[in-house]
K.L.:
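The following block contains the structure, expressed as C-alpha cells.
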Amino acid sequence: MFIWEDFRKHASELLKKEGITTEIQDAREEYGDFTYPTFTLAKEYKKSPAEIAGDLASSIEPDNFFSKIEAIGPYVNFHIRSSTLAKWVIDTYLSDDLKIPSRGKIIVEHTSANPTGPLHIGRTRNSIIGDTMARILKRYGYDVEVHYFVNDVGKQVATLLWGILYLKENDDESLRGDYRFVRYYQKAYKILEKHPEKEMEIQEILKRYESGDSVLRDLAKKYVGDILKGIEESLKRLNIHFDRFVWESSLIPLAKEIPQMLEGYISEENGAYYLDMKKIGFEGKDKFYLYRKDGTTLYFLRDIAYHLWKSKISKNMIDVLGEDHKLHFKAIRKVMEILEPDCTLDALFYSFVRLPEGKMSTRKGQAVYLDDLLKEGESRVMEILKTRTYPQSEKESIAKKVSRSAIRFHIVNMQEDKPMIFRWEKALSFDGESGPFIQYTYARASGILRKSEVDLNTYNPETLTHPEEIKLLKLMAKYGTVIMKSVNAREPHLLAKYAYDLASQFNQFYRDCPVITADDDIKQSRLALVKAFKNLMGDVIETLGMDKMEKM
RNA sequence: GGGCGCGUGGCCUAGCCUGGACAGGGCGCUGGCCUUCUAAGUCAGUGGUCGCGGGUUCAAAUCCCGCCGCGCCCGCCA
C-alpha cells in the first residue's frame, strides 16, 4: 500500500550510510524521483553544495531499488529502478489484499443539518466532505462509525412545530416530508418577522416540549422524522449513508448531569446558567450559556452531552463543521479536555457555499436543492447518451451514476476552507477536471480488458519501459502516500486531485501504448498493468464515493 | 473593534503546514487528431506583478511583520 514511501525510506537509508539523516523529498519529474538538496551541508563541509552532491552521488551505489544516483548541481537525485517498481506495483494491485493495518475506532459526524426542510447544496458540501473523509479513514484502516446529530430540540424545531400547528393551509400530502413541511417553517419565520410578540408562543412550546409534554414530543418525532427521511433519501442518491442517527432529545437527561461535572466553572445570571470560560482558561468568549432562565437547555449544553456520550463509544472523533462553528467547537473541545481527557476530538471545517446572488438560506427559500441538481445532471447525461445504443434502463443507471459522481467530485475537488460560489455549469461539468473524466478513464481500461480476449498469465516487468508506462506506475505507487496525507491533514480533496492525476496519466498511456495490438510479451505486461490500474482506479473511485462503470 | 479563514493568468483551481531546480491543472479561446483498445478523450498555441508593502534567508507563492479586499464568528439561535 505504501510503496512510494518504502522507496523513500530506502533512499534515506542509503544517505544514512553516508552520515546524513534527513527526510528525502520528491524531485521534479525531469530530474529523478527523490532528491536531496545539499545547501545546508555547505558550511559544515566547507565545500560547495555542488561538490558535496557530486561526492555523495558517486559514493552511493545503484541497487535493486535505484538504478541511478546522480548529482545535478547541488542536488543528489535518485532514480527508481523501473522493473522493481513495475513488479511491486502490479503485484500489489492485482492482489485482493492491500495490507492495511487496523487502527481502531473513530466516529465521524457530518451533515447534522437541522431537519427543517430539504437539503440544499450548501449543506451538501458538509455531507460530501464528511462522507469522503469517512471513506478515506476506512481505507487507512480505521473502523469508522458515521453519525448524524439530529436537532429535534430547540428553537428551530419549536418554530417548525408552531408553523405546522397553526398555519395549516394548502397542505400537500403528496409531497415528501422535507418539501411538505418546509413551507410552514418558512412561513413561520415570515410571520415572526412582522409579529415579534408571537415569539412568546414559541417559547411556550419549547418549554412544554422540554418538560416532556408527550403530545408535543410525538408531533416533533413525527414531523422531524418525516423531514429527516427526506434528507436521508436525498443523501442516498449521493451514495451517502449513516451508521447512526443520534437525536438531541435523547441526550437531555445526560445534558442535565453535565453542570455537576463542571462544578466550579458554572455561574448564574438572571436565572440562566453559563459556563465561565475565563475560569477554564478559554479565550475567545467569556460566557457560553447552558440553560435559559426558563430552565430549558441550550445547544451548547446538549452538544457537550453528545460528545461525552460519543467518547464512551470511541476515543477518536472527527466533526465535520461549517466555518461558523469554529468558536463553538473550540469551546466544546476545551470542555471535553476536562470531562474526558483521554479522547481526541478533531474538526474538519469547510467554508460556505454561496449563490452568485448571495447566501443560501432555507428560511428565506433562497437555495439550490440537491435533488434539483441531481435531476438536472441526470438529464444532461441522458442528452449525451443519445448517441449510444445502450438499453434505456442502462442509460438511466449511467445517468444517475454520472450525475452524482460529477457533483461529489466537484465539491470534494476543492480545498475545504476555500469559499465556493455555486454555479450550475461548474457543478455539472463533465469534461476536464471532473468526475465523469475519471469514470470514463475507468471505463476505457475496462474496455481494453473486455476486448483483449486473452487470459492474464505471467508478465515480464522488464518489458514495461515506455515513459508513459513508467509515469503511470510511479503515480500508482503513490496511492498509500496520498491516503496517509489526506488522513493526517484531514483533507479529502487531496484524494480527488490524485484521482484526476492518475486518470490523466492513464489517458497518456492509452494514447501512446496500444495494448491489444502489441506483440505478445508486451501485450501480456500491458494487460497486467491495465488490470492493476483498473483495480486501483476502482478503489480510488469508491473511496471518493463515486461509481465505477464498465461502460458509459 | 477583536478572533479565525480566504485572496495565484479572462474565469475556476493545486502548491503554503515540513522554504529549494523554469508556479502545476482545468474551463474559455485559436488551430490539429476518430477505417486503429468509447472523441465524456488527446496534441499544440494563448494567457501569471502568486492582493500590496516591508523583513528573514544562499533561496520566499511558501516563514515573520504591517496594510488592503472578501467571508465567518463574537446570541438566554443552532
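No hydrogens, no waters, no symmetry mates; every other heavy atom, side chains included, goes into these values. Per chain, numbering begins at 1; letters A, B, ... match sequence-line order.
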K.L.:
How does protein contact run along nucleotides 73-78 of chain B, one letter per nucleotide 5' to 3', with B for base contact, S for sugar-phosphate only, - for none, heavy atoms under 4.0 Å?
P.N.:
S-BBSB
K.L.:
Of all residues at least two apart in sequence or in a different chain, which pass the ring-ring contact (aromatic ring centres under 6.0 Å, His included) check with Y184(A)?
P.N.:
none
K.L.:
Of all residues at least two apart in sequence or in a different chain, which pass the salt bridge (Lys or Arg N to Asp or Glu O under 4.0 Å) check with D303(A)?
P.N.:
none
K.L.:
What is the nucleic acid contact for D512(A), judged by heavy atoms within less than 4.0 Å: base, sugar-phosphate only, or nothing?
P.N.:
nothing
K.L.:
Taking for each residue the nucleotide of RNA chain B bearing the nearest heavy atom, is the 5' side occupied by C513(A) or by P37(A)?
P.N.:
P37(A)
K.L.:
Could you work out, with salt bridge (Lys or Arg N to Asp or Glu O under 4.0 Å) as the rule, every residue matching K451(A), not counting sequence neighbours?
P.N.:
none
K.L.:
Between protein and nucleotides 50-52 of chain B, what N or O pairs are separated by less than 3.5 Å?
P.N.:
none

K.L.:
Looking at RNA chain B, which of residues 516-536 of chain A put a heavy atom within less than 4.0 Å of it?
P.N.:
I516(A)
K.L.:
Salt bridge or not between K9(A) and E23(A)? Use side-chain N to carboxylate O under 4.0 Å.
P.N.:
no
K.L.:
In whole Å, I'd like the distance from the CD atom of Q505(A) to the C1' atom of rG25(B).
P.N.:
14 Å
K.L.:
Taking only N/O atoms, report every protein-nucleotides 32-35 of chain B pair under 3.5 Å with atom names and distance.
P.N.:
none

K.L.:
Could I get the full list of salt bridge (Lys or Arg N to Asp or Glu O under 4.0 Å) partners for E204(A), not counting sequence neighbours?
P.N.:
none
K.L.:
Taking only heavy atoms on the protein side, list every residue of residues 412-420 of chain A lying under 4.0 Å from any atom of RNA chain B, sorted numerically.
P.N.:
M414(A), Q415(A), D417(A), K418(A), P419(A)
K.L.:
Under 3.5 Å between N/O atoms: give me all the protein pairs with nucleotides 57-62 of chain B, atom names plus distance.
P.N.:
none

K.L.:
Which atoms of nucleotides 41-46 of chain B (N or O only) lie under 3.5 Å from a protein N or O atom, and what are those distances?
P.N.:
| unit_1 | atom_1 | unit_2 | atom_2 | d |
| --- | --- | --- | --- | --- |
| rG41(B) | OP1 | G432(A) | N | 3.1 |
| rG41(B) | O3' | N507(A) | ND2 | 3.4 |
| rG41(B) | O2' | R444(A) | NH1 | 2.5 |
| rG41(B) | O2' | R444(A) | NH2 | 3.1 |
| rU42(B) | O3' | R511(A) | NH1 | 2.8 |
| rC43(B) | OP1 | Q508(A) | OE1 | 3.0 |
| rC43(B) | OP1 | R511(A) | NH1 | 2.8 |

K.L.:
Against L544(A), only a single residue in I541(A), D547(A), V540(A) fulfils side chain to side chain contact (heavy atoms under 4.5 Å, CB included); can you say which?
P.N.:
V540(A)
K.L.:
Heavy-atom contacts under 4.0 Å between residues 380-389 of chain A and RNA chain B, which residues?
P.N.:
L385(A), R388(A)
K.L.:
Please figure out whether G447(A) or Y75(A) has its closest RNA chain B nucleotide nearer the 5' end.
P.N.:
Y75(A)
